[in-house]
There are 2 protein chains.
Amino acid sequence: MTAESSRITARGGVRADARRNRERVLVAARAVFAEHGIDAPMATVARRAGVGVATLYRHFPTRDALVRGAFAQQTETCVRALAEALAVPDPWQGFQHLVETVCALQREERGFPAAFLAAFPESTSEHARSRQRAERDFTTLVRRAQASGALRADFHPSDLAVVLLAHCALVTALPDDGAASRRLVAYLLQSFRAGTANEPLPPPTALTLRSLPIAAGNPRRQ
Amino acid sequence: MTAESSRITARGGVRADARRNRERVLVAARAVFAEHGIDAPMATVARRAGVGVATLYRHFPTRDALVRGAFAQQTETCVRALAEALAVPDPWQGFQHLVETVCALQREERGFPAAFLAAFPESTSEHARSRQRAERDFTTLVRRAQASGALRADFHPSDLAVVLLAHCALVTALPDDGAASRRLVAYLLQSFRAGTANEPLPPPTALTLRSLPIAAGNPRRQ
DNA sequence: CTCCGAACGGACGATTGCGTCCACCTGAGA
DNA sequence: TCTCAGGTGGACGCAATCGTCCGTTCGGAG
């Protein structure tokens, strides 16, 4: 009965203030990651959330856990987008929808791209499974679009990774309104489309060659 | 005469061992930056060069100075590529040559992309001038290619920055043989070409969605 | 060969971030 | 209201990196 009583203390067995703090930490984490990148000090997140460091560590033992928690919702959206894409009748539109949705997500939630690409290194078997499944579904989407003749035959599913990786850099490096991102995506989608002429593009960016973005080197995390 | 005598001590007024060490530091810096990213500890560079930390700092007071020194040659190559591109008779080929050369450089010398994009924030007026000039020349190259009808009319010079930034991420993140890079560049160049059908692509990468590259967040350097 | 000062290497203090420990506080069941 | 398990915050010890200081070494002019 001891277990019983303690488990019922509150909604889901977690004390109300604990649950509230967890939420505050997640909000703060998203804000801080967006502002300072995914490597921002844990203490910064804690301060922003108005909690102590220990509290943060109790809820999320590792930085990875925090990152995963912070962007769980966005990851969910990606999975949903894939399902939606497969549901769209026109194969090309489905493909386009997927690419644009994921890129838009990367664009809107700064910090998410890196989190997304961090790729759940070890992760639970559940994550591995869902990821594997996403890959299979995407391949299906590609084959379907190619069969319809709208997607060029030599497009390879791995090209999606190339696109996302490249696009990631853009949105991470630019404090931008997203013009650069939209432009890159438009260029690429036009290349992906089987043998078409050029279509209109979104407006160009205000970048100059002597522009600001300092792309910090990327030490291999080991 | 004191100035005279000290200035003539050696080739260029610098002691022989000093000049030798400077060179060793530069070589080490390129190697270390390529391996661990541009944020690698200064001490690592010093150790690799077989010199003390102080020596490193004496030759290059700041990390920026070191980075700039290490990749001066590559920067020079970029400038030369631009001149070459303008010299090519066929405007499209000139344009293509430039994009491919710069991207190849980014690909070959890992660490250089970030350095290149670091964009000499303040830098000497000389650097500023040479950069401004590069921009002007590139615009000329673009206009010429557009006038010939080979480059799509809505290509904007700022798109080069978009390409380089995106491409930078790819080569920085992937320990790759360059397949992804070549593929991205090919896709983009096809999009840039005015109203053409698809042309053959380099082979796809071996990336999977659950792939390795961890794109570290990129805290705005401040 | 002798001597001077430029160049050298390594130690050092300062700064910053990480993750844990412990004493205090509080929500909620009795 | 009372009680206490679980929650909380901040201080702390540890590790990594930075940039400087200082005593020593060695190139090269006379």
Asks: Could you state the NE2-P distance from B:His36 to D:dA16, rounded to the nearest angstrom?
Replies: 15 Å
Asks: Please work out which residues in residues 47-60 of chain B have a non-hydrogen atom less than 4.0 Å from an atom of DNA chain D and list them by number.
Replies: B:Ala54, B:Tyr57
Asks: Which is more 5' along DNA chain D, the nucleotide nearest B:Thr62 or the one nearest B:Asp17? Just name the residue.
Replies: B:Thr62
Asks: Rounded to whole Å, please give me the gap between CG in B:Asp39 and C1' in C:dG17.
Replies: 15 Å
Asks: Could you tell me whether the side chain of B:Phe155 reaches within less than 4.5 Å of the side chain of B:Phe95, counting heavy atoms only?
Replies: yes
Asks: Please report, rounded to the nearest Å, how far the P atom of C:dG19 is from the CG atom of A:Asp64.
Replies: 11 Å
Asks: Round to the nearest Å and state the distance from A:Arg19 atom CZ to D:dG6 atom P.
Replies: 17 Å
Asks: For B:Met42 and C:dC12, give me the distance from atom CE to atom C1', rounded to whole Å.
Replies: 18 Å
Asks: Run the salt bridge (Lys or Arg N to Asp or Glu O under 4.0 Å) test against A:Arg22 and tell me which residues pass, sequence neighbours left out.
Replies: none
Asks: Kindly say if A:Asn21 contacts the phosphate of D:dT8, meaning a side-chain N or O under 4.0 Å from OP1 or OP2.
Replies: yes
Asks: Ion pair present between B:Glu35 and B:Arg48, side-chain N to carboxylate O less than 4.0 angstrom?
Replies: yes
Asks: What is the separation between atom CZ on B:Arg20 and atom P on D:dG27, rounded to the nearest whole Å?
Replies: 8 Å
Asks: Under 4.0 Å between a side-chain N/O of B:Arg15 and OP1 or OP2 of D:dC26, yes or no?
Replies: no
Asks: So, B:His167 versus B:Ser181: side-chain donor-acceptor pair below 3.5 Å or not?
Replies: yes
Asks: Rounded off to whole Å, could you give me the CD1-to-P distance for the A:Ile38 and C:dC18 pair?
Replies: 13 Å
Asks: Could you work out, with side-chain hydrogen bond (donor to acceptor under 3.5 Å, both in side chains) as the rule, every residue matching B:Glu84, not counting sequence neighbours?
Replies: B:His97
Asks: Quick check: does any side chain N or O of B:Asp159 sit under 3.5 Å from a backbone N or O of B:His156, one acting as donor and the other as acceptor?
Replies: yes
